[in-house]
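Just so you know, these numbers use all the heavy atoms, side chains as well, and skip hydrogens, waters and symmetry mates.
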Amino acid sequence: MNVFEGNVVVRITDVGGAQLAQEPTTADESGNWSVTLAVGAVDTTATIHAYATSPEDGSVVAEATATVEFVTTPPVQAEIVITSPEDGAVVNTDASFAVTGTANGLIENNVVVRVRDGSGRTLLQQATTTDPAGGWAVSLTMLVRNNTPGNIYAFSISPADGRVIGEGTVNVTFASSCDVRTGWDAYTVQAGDNLFKIAQRFGTTVSELTLANCLTTPNLIFSGQQIRVPPQPGGVIQPDATVTITSPEADAALDLTGPVRVTGESAGTLEGTVFVRAMDSAGVVLDEARASVVESTAESWTWEVELALTTAAPGARGVLFAYAVSAEGAGLAASDAVSILFGADDESPYVTITSPMPYATLSLEGGVVVEGRGRGLFEGNVVVQAVDSNGNVLAQAPTTIDAPDAGTGGAGGWQITLPVTETRRGKIIAFSTSARDGSVVTSAAVDVIFGDPTQNPSYVLLSVPLPNTVVTNATPYLPVAGYAGGVSGYSLFVQVLDEAETPLVLLPVIAEPGTGLWSTVVTLGEGFNIEEARALFLQIIATTPSGGVAAADKVPIYTRPGGAVISGTLTYRERIALPPDAVINVQLRDVSRADAPAVALGEQTLTNYPGQAPIPFAIAYNPDVIAESGSYVIHASITDGAGNLLFITTERFCVLTQGCPTDNVEVMLQGVAG
């Protein structure tokens with residue numbers, strides 16, 4: 001930079017100082033320059049010397065040097081060979097399958113393995129590196145239609161220019177137990193369609209469409225392709241759609257000894273588009289399920305769903321939230337929420353937020369009105385905060401519950417208006433503190449959006465999924481959708497970030513001109529540890545027409561092992577009631593190996609159970625760890641409060657496999673002599 005007229009001279013000399021080549025060049029406005037020099041066929045160490053001179057006296061005013069090695073030995077020809085599977089093989093994809101091979105002459109030892117269908121479309125891709133001996137291997141898992149012809153292509157590219165420097169291919173046939181669901185209606189994919197939009201239109205889910213059509217990736221559909229969709233559901237789409245929870249009622253105490261049944265009705269929505277989630281007071285999702293149709297008319301339909309709430313803290317407060325997914329865009333068409341109690345009321349202090357609704361977009365005009373209830377609070381005091389997604393407090397104000405005995409621990413409602421002025425995603429938090437040490441005694445929170453982001457000149461909005469959505473290995477396909485405006489070329493990027501906010505996935509997506517709607521599907525498969533509970537983030541980002549970054553929108557999501565429930569009843573022959581302090585423990589155990597201890601795959605502990613047998617139970621477990629050849633049993637015991645054993649199973653009550661029951665299991669316990 002700053003050299004006379006941008007003139008640069010580049011000279012190459014050997015170790016003895018003899019000049020091998022020299023050429024002048026000129027730097028551009030940014031100070032960059034380049035030149036090509038011919039040194040001939042030599043094997044030597046050399047020095048590249050670039051310099052600029054003064055126009056006044058020819059002295060060197062700037063220079064740089066680099067030492068290089070010139071060789072005339074031709075590079076080793078890169079080679080990649082796939083050793084397994086062999087050409088013409090049938091590859092079973094019902095389980096993970098290995099692709100192995102050898103390679104030499106690669107740059108940085110990188111190998112990319114790509115699975116393609118018969119039309120050359122990429123179904124799956126994974127990168128690996130060779131070992132010191134040149135071997136490489138990948139393990140692949142994919143969903144594909146039975147008897148699909150295709151090939152496996154392994155290649156390596158040059159990091160310098162991106163060209164392929166070695167490659168190998170084998171033609172195979174992919175076998176699986178997946179067959180297209182021909183009993184569903186045929187639908188021809190239209191221009192602009194994706195699986196998210198089709199699922200919305202036909203009242204189904206991305207996961208159901210993916211499995212019904214044996215799609216390796218839900219994003220790989222194309223205009224003119226024929227896929228299967230469920231018959232057009234009932235219901236009429238209306239702008240004033242409604243969803244109502246009819247049971248349980250607000251503030252009901254839920255029986256946690258079995259699956260919790262939630263019923264409701266919806267109007268103005270398609271059948272099959274209602275989901276129900278149970279959350280604790282902090283907004284953590286305990287379970288979520290899609291509601292099934294009970295009865296329908298031309299105007300409305302009733303629904304029901306069962307939730308497994310075995311992880312709920314007995315005596316704690318929570319929320320049941322039912323919502324209908326929009327059939328024409330991203331977001332919610334309607335929703336309803338009720339406050340509930342997990343198990344029996346232990347009369348402990350509590351605070352709840354009854355308004356606004358979870359995930360609501362709030363008007364900032366006149367302030368944000370927040371309402372709730374509380375009990376057992378010191379002098380009836382409640383502190384209410386509006387905080388952004390980074391935990392920064394946007395507004396805070398105190399209030400008191402409206403009850404004659406509020407100062408002595410009574411129950412009542414409260415209301416406050418918070419002067420929030422900033423448009424952003426965040427939470428409303430209500431809490432009450434101890435008079436003794438100022439610690440938080442009880443709290444509640446709801447996720448909301450303060451203000452309307454779509455009114456900003458440039459914005460991105462992530463509408464689907466809702467914050468705190470749980471993804472399991474049973475449904476690893478996560479539809480992601482929202483709106484954007486004032487961004488460059490309608491081009492956006494969906495990111496999945498780990499706990500440290502390191503990007504794990506980067507997917508490009510295009511927003512529709514006019515509406516700003518965008519959508520895609522993220523597959524959270526291998527590499528996301530869905531066998532473990534894990535916190536992740538979804539983020540949507542875009543650039544503005546001026547080149548800046550539009551305000552990114554981000555929500556937390558979680559992975560959790562896929563859930564299933566084994567349920568039944570416990571009984572004993574003695575006609576006696578259990579003591580009030582009885583502790584009932586029920587376990588699902590793996591007893592497949594006779595030479596090894598039994599392994600607990602799930603359990604439920606019940607306390608304060610009223611009355612006597614039969615005692616219902618429900619144990620959540622991960623279905624992916626259940627092997628058809630395995631042996632599984634229910635083991636149960638009942639102790640008193642001091643730990644003395646009262647009843648225990650002495651027989652083998654098998655479940656799940658080998659013809660054993662998968663629900664309504666009847667387990668008999670034997671009394672233990674005192």
Side-chain donor-acceptor contact under 3.5 Å, T515 with E512: yes

Considering only heavy atoms from C-beta outward, does the side chain of L507 approach that of V505 to under 4.5 Å? yes

Tell me every residue that passes side chain to side chain contact (heavy atoms under 4.5 Å, CB included) with V393, counting only those two or more places apart in sequence or in another chain. Q385, V387, Q396

Would you please say whether a donor-acceptor pair under 3.5 Å links the side chains of N381 and S432? no

Return the set of residues passing side chain to side chain contact (heavy atoms under 4.5 Å, CB included) with S266 (not counting sequence neighbours), or none when no residue passes. V243, T269, V274, W301, W303

Which atoms form the tightest heavy-atom contact between L307 and V276, and what is the distance? CD2-O, 3.9 Å

Looking at every non-hydrogen atom in both residues, tell me the closest pair between L270 and G203 and how far apart they are. CD1-N, 4.2 Å

According to side chain to side chain contact (heavy atoms under 4.5 Å, CB included), who are the partners of S292, at least two apart in sequence or on a separate chain? E304

Contact check, side chains of Y323 and L466, non-hydrogen atoms, under 4.5 Å: yes

Partners of Y187 by ring-ring contact (aromatic ring centres under 6.0 Å, His included), sequence neighbours excluded? F202

Does S355 have any side-chain hydrogen bond (donor to acceptor under 3.5 Å, both in side chains) partners at least two apart in sequence or in another chain, and if so, which? none

Hey, could you give me the CG/CG distance between L215 and L195, rounded to the nearest 0.5 Å? 6.0 Å

Those residues at least two apart in sequence (or on a different chain) that pass side chain to side chain contact (heavy atoms under 4.5 Å, CB included) with R290 are T204, T205, E208, F275

Looking at residues at least two apart in the chain, or sitting in another chain, which of them share a ring-ring contact (aromatic ring centres under 6.0 Å, His included) with F537? none

Is a salt bridge present between R425 and D388, judged by a nitrogen-to-oxygen distance below 4.0 Å? no

Quick one: pull up CD1 in I221 and CG in L209 and give me the separation to the nearest 0.5 Å. 8.5 Å

Give, for atom CD of Q126 and atom CE of M142, the distance between the pair rounded to the nearest 0.5 Å. 12.5 Å

Could you tell me if the side chain of V383 sits less than 4.5 Å from the side chain of T433, heavy atoms only? no

Kindly give the heavy-atom pair with the smallest separation between S519 and N194, and that separation in Å. OG-ND2, 2.6 Å

Can you list, pair by pair, the side-chain donor-acceptor contacts under 3.5 Å of residues 357-369, counting residues two or more places apart and other chains?
from : atom 1 : to   : atom 2 : distance (Å)
Y359 : OH     : R277 : NH1    : 2.8
S363 : OG     : E365 : N      : 3.3

Given 3.5 Å as the limit, does a donor-acceptor pair link the side chain of S458 with the main chain of G486, or not? yes

Test side-chain hydrogen bond (donor to acceptor under 3.5 Å, both in side chains) applied to T244 - qualifying residues, sequence neighbours left out: none

Can you check whether E108 reaches P159 side chain to side chain, under 4.5 Å on heavy atoms? yes

Please report the shortest heavy-atom distance between P465 and T469, naming the atom on each side. CB-OG1, 3.5 Å

Set of ring-ring contact (aromatic ring centres under 6.0 Å, His included) partners for F97, sequence neighbours left out: none

Between V464 and V480, is the side chain to side chain contact (heavy atoms under 4.5 Å, CB included) condition met? List the steps. CA-CA 5 Å; V464 175; V480 186; over 6 Å; no

Only pairs at least two apart or in different chains count here, so list each side chain to side chain donor-acceptor pair (under 3.5 Å) that has a residue in residues 213-227. N219-T520

Roughly how far, to the nearest 0.5 Å, is the CG atom of L123 from the CG atom of L143? 10.5 Å

Does any part of the side chain of V471, heavy atoms only, come nearer than 4.5 Å to the side chain of Y558, both counted from C-beta? no

Atom CG of L418 and atom CD1 of I428: how far apart are they, to the nearest 0.5 Å? 6.5 Å

Do S96 and T141 pair up side chain to side chain, a donor and an acceptor below 3.5 Å, judged on atom types alone? yes

Any non-hydrogen side-chain atom of L461 less than 4.5 Å from a side-chain atom of T454? yes

Gap between atom SG of C178 and atom CG of L211 - 0.5 Å precision: 7.0 Å

Please evaluate residues K554 and I541 with respect to the criterion side chain to side chain contact (heavy atoms under 4.5 Å, CB included), reporting the C-alpha separation (whole Å), side-chain torsions for both, the decisive distance (0.1 Å), and the verdict. CA-CA 9 Å; K554 181 175 66 176; I541 59 175; over 6 Å; no

Run the side chain to side chain contact (heavy atoms under 4.5 Å, CB included) check on T559 and L536 step by step: do they pass? CA-CA 8 Å; T559 62; L536 301 172; 3.8 Å; yes

Shortest non-hydrogen contact from R116 toward F174: O-CE1, 4.0 Å

Taking side-chain hydrogen bond (donor to acceptor under 3.5 Å, both in side chains) as the test, write out the residues that go with T417, two or more places apart. none

Are D117 and R121 within salt-bridge range, i.e. N to O under 4.0 Å? yes

I'd like to know if the side chain of D287 reaches the main chain of A308, judged simply by a donor and an acceptor atom lying under 3.5 Å from each other, with no hydrogens or angles considered. yes

